[in-house]
Amino acid sequence: MTSSTPGQRAGRFDMHPDGTASHGSRVLGSILLIAVAIFLIVALVASPPDGAGADAMGDMVRIMYVHVPVAIACYTAFMVTAFASAMYLWKRTEGWDCLAAASVEVGIVFTVLTLATGSIWGHTAWGTWWEWDPRLTSTALMFVMYLGYLALRRAVVDPQSRAKQAAVLGLISFINVPIVHYSVDWWRSLHQTATIGRLDPTIDGLKLFALLFGMVLALLLYAWLMLHRFRLQWVETQVEAKGLDTALAERRAEAVADGGVR
Amino acid sequence: MTNTTLRSVISDARLVAGKDLRLEWRSRVTLNQLLPFALLVLVLFAFALDPDRSVLKDATPGLFWLAVLFSTLLAIQRAFAVETVDGIIDALRISGLDPAGIFLGKAAGIALHLLVVEAALLVGVTVMYGASPSGLLLVVATSIAATAGLAAAGAVYGVLAAGLRVRDTLLPILWLPVVAPLLIGATQAFGSAYEKSSGAGWRWCGLLGAFAVLYTAIGFVAFEPLLEES
Amino acid sequence: MIAVLNAMVLAASDWSYVAGAYIIVVGVLATYSAAVIIRGRKVGKQLPAKDRRWSSE
Amino acid sequence: MDPVVRFRAAVCLLGRFPALAGVDLDVNAGEIVLLQGPNGAGKTTLLRACAGLVKVAQGEASVLGVNLVDDPKAVRPLVGLLGHATGLYDDLSVSENIRFWTRAGGASLTDADNAMARLGLDGRLASVPVARLSAGQRRRSALAVLLARRPRLWLLDEPHAALDQAGRDLVDSLMVDAVNAGATVLFASHELDRAQEVADRSVHVVGGTTQPSGNVGHTSEAVEVD
């Protein structure tokens, strides 16, 4: 599927000449599209509702099949950021900085989804849109922390300073995640009342399959999004840096324009 | 070798902290601005909640530490505002001071300012909210541990934001989520201290101490690269 | 806003929660993917194809 | 003997702007070298690069045997930089500032006192907060800090600016004393008449590059006025 000559095979299977797509991302994307369709059928139609015991969840259990996977994807994303930040501080190559930055943005999208599905899930369990559940609360704090990371990136102009400061922040933020989580956990466990309890349904058979399928799918979706987002970040960095040769020439030209002095 | 390094770090820290205290003595920013601000926050809480003392009294631990948190933000901003004018950051980089020493010195300076604020707030909640602690030792220990953590994290995030044009708005969003565990721990520990059951309180106090140690370690490592780029 | 949500919720069954959750997840991911790809095309124009290693197969 | 400052095709970036776009520079031990050139030519960046405050992105650069490309921080304890900013705390007095920065650099308080005396800051001025000083007095205080630190390479950015006649004479004699004590001086100035008298030679900086240097007298036709 070469698309070197636009128009020859113009169609929706052609890659955009300027885009971030590659052959690999195309293949992965197509597989994912089919997989998502299958997943939706498994999760919403094929799998049975949770129906055993007094606190059975009924159809609500289906929210689990997306909530848990997106939560795993968001933690994975921030783990990748921490790793890439450490690698940047070691190697000082812009690729690691791009990876860290891209992963934070994708991670934030998954965090929003985690919070949204968690809140919807919670509404049936607790009757309110927000309850001070440890996992939800610490995820919300994590969300703000990584928004701060992006805000810092936007605030620093110099590319090298930005990369270094962001890398340090990316590492520290990741250390903070478990601290925040456990402190909120202990805080809630002191106040835990009977009405607030996490409903952990027993999951097996097709339900377990739907959950595992969702997890694999979420991680693959993360990988596919990262392919595009990383390339976008890379292109942005290159466009920033591209000016250097021109800028050097322009700067030296000042000397020539001024060169009559010698 | 490491021993002499540590000694030079500590002597640099004392130099920087001494300079900060002298600056405070000359400018009186904490005395004239930070203390009134903290007490003002206590009054505002009363307006917001209820003039009825029982509500305020029950909420004293949380309100106390919220007031401390807001005051700390101002203290951090002040601590790094004096370092970012007129080429002082360059002078610090070139000075020969160990960055870890600068970190410790700045954190110690912030911590001392905070302890003064906390002492005033303690009097404030006793007089205005009618809350007097039963476990005074726990109150003192909690204040010291939490202050160390707030100051250490504050110095790390303070220098991170120091050189930026948006530092005043960026610092709260970066720093407040990080010290949320401190707010929880200190409030819980104070809760026990004010209600005579200080068993769980000491555990929270230990958590605060662990946080302080962790952030001091982070500061030792992270301050140098951050000072270079701010 | 919350009142509207609550009213909707009262009238609906479990399935509306489930549908809501799935619509949000699929919708947000699709929108974000599209946004990233469109941004990539826009920014990519400023860079010659040889600097985008993935574009030449 | 290796030169104290050695730059070869050195490029320094400020953000994305190449403030230095290929500098060649040699300064030998014991020289007083004047950097001249129009505003925005890169003189300040060149001095800051020598102090290890600006990274050298391309080319070669070493100062006092320290490779600035690999480890710019290592040069900092060896040099003294007087920039446009003075690096003084407004709320502290002159002597408190000088003593703080002197001790920070590991020098003794006697050095601080001697430096203050040399710059005429030991009298009434010593206890005045820096915020109340005039621009010239601030500069004298910053010079005292530099003197007390006993750097091996003096980097002075417009040292004559804001100073009165006596102050300018003092700067010149400080430079000569520094060189007599074994140090090297690199300074930028627009006051060429005065600067060329004290300098051994001058280097022309334009558009982030250096023009080949000559003796001061021979480049006098290159004098520019801004």
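Note that this is a predicted model, so its numbers are computed, not measured.
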Between [X] and chain C, with a heavy-atom cut-off of 4.5 Å, which part of the residue counts as in contact: side chain, backbone, both or neither?
{"X": "A/Glu105", "answer": "both"}
{"X": "A/Tyr222", "answer": "neither"}
{"X": "A/Leu227", "answer": "neither"}

* Asked: Can you check whether A/Phe110 reaches C/Tyr32 side chain to side chain, under 4.5 Å on heavy atoms?
  ->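 A/Phe110 vs C/Tyr32: side chains apart.
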* **A/Val112 vs C/Ile24 side-chain heavy atoms within contact, under 4.5 Å** => no
Between [X] and [Y], what is the shortest heavy-atom contact and its length?
{"X": "C/Ala21", "Y": "A/Ile63", "value": "CB-CG1, 4.0 Å"}
{"X": "A/Leu113", "Y": "C/Val25", "value": "CD2-CA, 3.7 Å"}
{"X": "C/Gln46", "Y": "A/Val239", "value": "OE1-CG1, 3.2 Å"}

Looking at [atom1] of [X] and [atom2] of [Y], how far apart are the two atoms once the value is rounded to the nearest 0.5 Å?
{"X": "C/Leu47", "Y": "A/Thr237", "atom1": "CG", "atom2": "OG1", "value": "10.0 Å"}
{"X": "A/Thr20", "Y": "C/Arg41", "atom1": "OG1", "atom2": "CZ", "value": "7.5 Å"}
{"X": "A/His228", "Y": "C/Ile37", "atom1": "NE2", "atom2": "CD1", "value": "4.5 Å"}

* Asked: Which class fits the ring pair C/Tyr17 and A/Trp129: parallel under 30°, tilted 30 to 60°, perpendicular over 60°?
  -> tilted
* To do: Select, from A/Glu236, A/Arg229, A/Arg231, the one with the greatest count of heavy-atom pairs under 4.5 Å involving chain C.
  =>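 Answer, by heavy-atom pair count under 4.5 Å with chain C: A/Arg231.
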* Asked: Can you list the steps and then say if A/Arg62 with C/Trp15 is a side chain to side chain contact (heavy atoms under 4.5 Å, CB included)?
  -> CA-CA 9 Å; A/Arg62 299 180 200 281; C/Trp15 268 105; 3.4 Å; yes
* In terms of heavy-atom pairs under 4.5 Å with chain A, which of C/Ser33, C/Gly20, C/Ala19 leads? ->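 Of the candidates given, the most pairs with chain A belong to C/Ser33.
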* Checking side chain to side chain contact (heavy atoms under 4.5 Å, CB included) for the pair A/Val36/C/Leu29: CA distance, chi angles, key distance, verdict? -> CA-CA 11 Å; A/Val36 166; C/Leu29 284 178; over 6 Å; no
